[in-house]
J.: 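Starting off with a structure, shown below.
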Amino acid sequence: MSMRKPLISGNWKMNLNHFEALKLVQELSYQVSREDVDAVDVSLHPPFTDIRTVQTVIESDRLPFLLGAQHCYHENSGAFTGEVSPAMLAKLNVAYVIVGHSERREIFGETDEVVNLKVKAILANDMTPILCCGETLDEREAGGAEAKVAGQIVAGLAGVSSDQVAAMVIAYEPIWAIGTGKTASAEDAQAMCAHVRATVALACGDAAADAVRIQYGGSVKPSNAAELMSQPDIDGALVGGACLEADSFGRIIQYRLAE
Ligand code: PGA
């Protein structure tokens with residue numbers, strides 16, 4: 001077994017206002033025990049408007065959750081109307097920032113170059129990037145999944161030191177599995193996560209590849225979390241739809257009970 005501590009991350013996407021956020025985090029805290037989080041790190045990624053609220057409840061109630069964000073700009077301040085900087089997130093004790101989610105890439109046109117700038121800016125502010133990669137169904141059917149994912153990783157990690165990569169998180173999320181209810185089979189997910197690790201080894205060395213945590217994302221649910229998490233190269237899950245309710249997200253965090 002690897003020494004990598006699993007990381008289960010809840011990507012709330014554009015859901016829940018700050019009142020609803022408070023309710024969800026409190027419900028989750030009743031559901032999840034200290035023992036659960038001894039075995040698994042848990043990060044919550046609310047919308048920006050909820051982050052201060054979630055930070056306050058985590059810190060005042062000493063809840064065992066790490067704070068995350070879904071996105072940021074790559075500059076720390078300036079004339080960038082509508083954007084939020086990594087420095088602002090770091091000031092709120094955000095620990096993890098999702099970068100290059102397929103929705104950001106496909107809907108908002110984020111390129112690999114922009115993703116790389118963000119990875120470096122997040123690291124420069126002492127936060128951990130969760131770098132997302134993944135192929136479309138057309139790319140998979142054309143036999144191009146491995147090349148697409150390797151390209152995203154090599155570009156996203158350009159200029160990042162091996163030590164920094166070792167402490168990072170990479171999320172493999174096949175786009176055809178996101179929000180569709182169609183999870184990749186555990187074998188396919190494992191094969192692609194092993195490919196991600198091999199790509200990191202080539203680009204950044206074996207030590208970084210051995211240490212980097214690789215999440216699977218795409219329709220993770222309580223019913224499939226244990227099988228996915230039992231795969232040797234899957235070190236966590238990036239959960240969308242199923243993280244919006246304390247019961248389902250709690251049961252994913254407690255996937256070991258179902259093993
Ligand atoms: P999903 O989303 O769990 O709803 O498929 C995953 C993600 O986009 O991170």
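Counting from 1, the numbers follow the sequence of the chain as shown.
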J.: For a quick test of reading the model, state the closest non-hydrogen atom pair linking Ile252 to Ala242 and the distance between them.
T.: CD1-CB, 3.7 Å

J.: Measure from the side-chain N and O atoms of Ser162 to the backbone N and O of Ala208, and report whether any donor-acceptor pair falls under 3.5 Å.
T.: no

J.: Shared ILVMFWY cluster between Val154 and Met192, side chains joined below 4.5 angstrom?
T.: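 No; Met192 is not reachable from Val154 via cluster members.
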
J.: Using only atom types and a distance under 3.5 Å, with no angle test, would you say the side chain of Gln254 pairs donor to acceptor with the backbone of Val32?
T.: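 Pair absent, no side-chain N/O of Gln254 close to backbone of Val32.
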
J.: Can you check whether Gly156's main-chain N or O pairs, donor with acceptor, with Asn116's side chain at less than 3.5 Å?
T.: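 Yes, the answer is positive, given that a donor and an acceptor are paired below the 3.5 Å cut-off.
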
J.: For the residue pair Glu139 / Thr136, report whether a side-chain donor-acceptor contact shorter than 3.5 Å exists.
T.: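 Side-chain D/A pair, Thr136 to Glu139: present.
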
J.: Side chains of Asp36 and Ser33: any donor to acceptor distance under 3.5 Å?
T.: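 Checked: Ser33/Asp36 side chains pair up, N/O donor to acceptor below 3.5 Å.
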
J.: Between the side chain of Lys221 and the main-chain N/O of Gly181, is any donor-acceptor distance below 3.5 Å?
T.: yes

J.: Do Ile170 and Ile130 pass the side chain to side chain contact (heavy atoms under 4.5 Å, CB included) test, and can you show the C-alpha distance, the side-chain angles, and the key distance before you say yes or no?
T.: CA-CA 5 Å; Ile170 298 177; Ile130 299 178; over 6 Å; no

J.: Salt bridge or not between Asp206 and Arg197? Use side-chain N to carboxylate O under 4.0 Å.
T.: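 Answer for the salt bridge query: no.
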
J.: State, without any angle test, whether Ser9 and Gln215 hold a side-chain donor-acceptor pair at a distance under 3.5 Å.
T.: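 Result is yes, a qualifying pair exists.
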
J.: Indicate yes or no: at least one non-hydrogen side-chain atom of Ile98 is less than 4.5 angstrom from one of Asn11.
T.: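 Yes, close enough: below the 4.5 Å cut-off.
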
J.: Does CD in Glu245 sit with more than 12 non-hydrogen atoms of other residues, nucleotides or ligands closer than 6.0 Å?
T.: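 It does not: Glu245 CD has 12 such atoms or fewer within range.
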
J.: For Ala225 versus Val220, what's the shortest heavy-atom pair and its separation?
T.: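 Smallest heavy-atom distance, with atoms named: CB-CG1, 4.2 Å.
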
J.: Could you go through the salt bridge (Lys or Arg N to Asp or Glu O under 4.0 Å) check for Asp38 and Arg34 one step at a time?
T.: CA-CA 6 Å; Asp38 282 346; Arg34 295 269 156 194; over 6 Å; no

J.: Starting from the C-alpha separation in whole Å, work towards a yes-or-no answer on salt bridge (Lys or Arg N to Asp or Glu O under 4.0 Å) for Glu110 and Arg105.
T.: CA-CA 4 Å; Glu110 281 189 16; Arg105 294 179 190 262; over 6 Å; no

J.: Using the side chain to side chain contact (heavy atoms under 4.5 Å, CB included) rule, take Ser43 and His45 through it: C-alpha gap first, then chi angles, then the decisive distance, then the call.
T.: CA-CA 7 Å; Ser43 65; His45 300 252; 2.8 Å; yes

J.: A side-chain contact here means heavy atoms from C-beta on lying under 4.5 Å apart; do Trp176 and Asp138 qualify?
T.: no

J.: Compare all side-chain heavy atoms of Val169 with those of Val212 and state whether any distance is below 4.5 angstrom.
T.: no

J.: Answer yes if the side chains of Tyr172 and Glu135 hold a donor-acceptor pair under 3.5 Å, and no otherwise.
T.: yes

J.: Would a hydrophobic clustering, with Ile, Leu, Val, Met, Phe, Trp and Tyr connected at side-chain separations under 4.5 Å, put Tyr216 with Leu7?
T.: no

J.: What heavy-atom pair brings Val160 and Val165 nearest, and what distance separates the two atoms?
T.: CG1-CG2, 3.7 Å

J.: For Ala87, is there any backbone N or O sitting under 3.5 Å from a side-chain donor or acceptor partner on Asn76?
T.: yes

J.: Do side-chain atoms of His74 reach the backbone of Leu117 as a donor and acceptor pair under 3.5 angstrom?
T.: no

J.: Looking at Glu227, is its backbone amide N or carbonyl O close enough to the side chain of Gln231 to form a donor-acceptor pair, meaning the two atoms are under 3.5 Å apart?
T.: yes

J.: Side chains of Glu59 and Asn93 only: does a donor on one sit below 3.5 Å from an acceptor on the other?
T.: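 The answer is yes; a qualifying pair exists.
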
J.: Can you confirm whether Glu35 is buried at CD, in the sense that more than 12 heavy atoms of other residues, nucleotides or ligands lie under 6.0 Å from that atom?
T.: no

J.: Does Ala90 offer a backbone N or O that forms a donor-acceptor pair with the side chain of Asn125 under 3.5 Å?
T.: no

J.: Does the side chain of Ser219 pick up a donor-acceptor pair with the side chain of Thr183 at under 3.5 Å?
T.: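 Result is no, nothing qualifies.
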
J.: Indicate yes or no for a side-chain donor-acceptor contact from Gln55 to the backbone of Val94 under 3.5 Å, with no hydrogens or angles considered.
T.: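 Such a contact is absent between Gln55 side chain and Val94 backbone.
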
J.: Which pair of heavy atoms, one from Cys133 and one from Val149, lies closest together, and at what distance?
T.: SG-CG1, 3.8 Å

J.: Group every Ile, Leu, Val, Met, Phe, Trp and Tyr by side-chain heavy-atom contacts under 4.5 Å, then state whether Leu238 and Leu157 land in the same group.
T.: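 In one cluster: no.
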
J.: Within the distance-only criterion (no hydrogens, no angle test), does the side chain of Tyr73 pair as donor or acceptor with the backbone N or O of Lys118 below 3.5 angstrom?
T.: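 Not a single qualifying donor-acceptor pair exists.
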
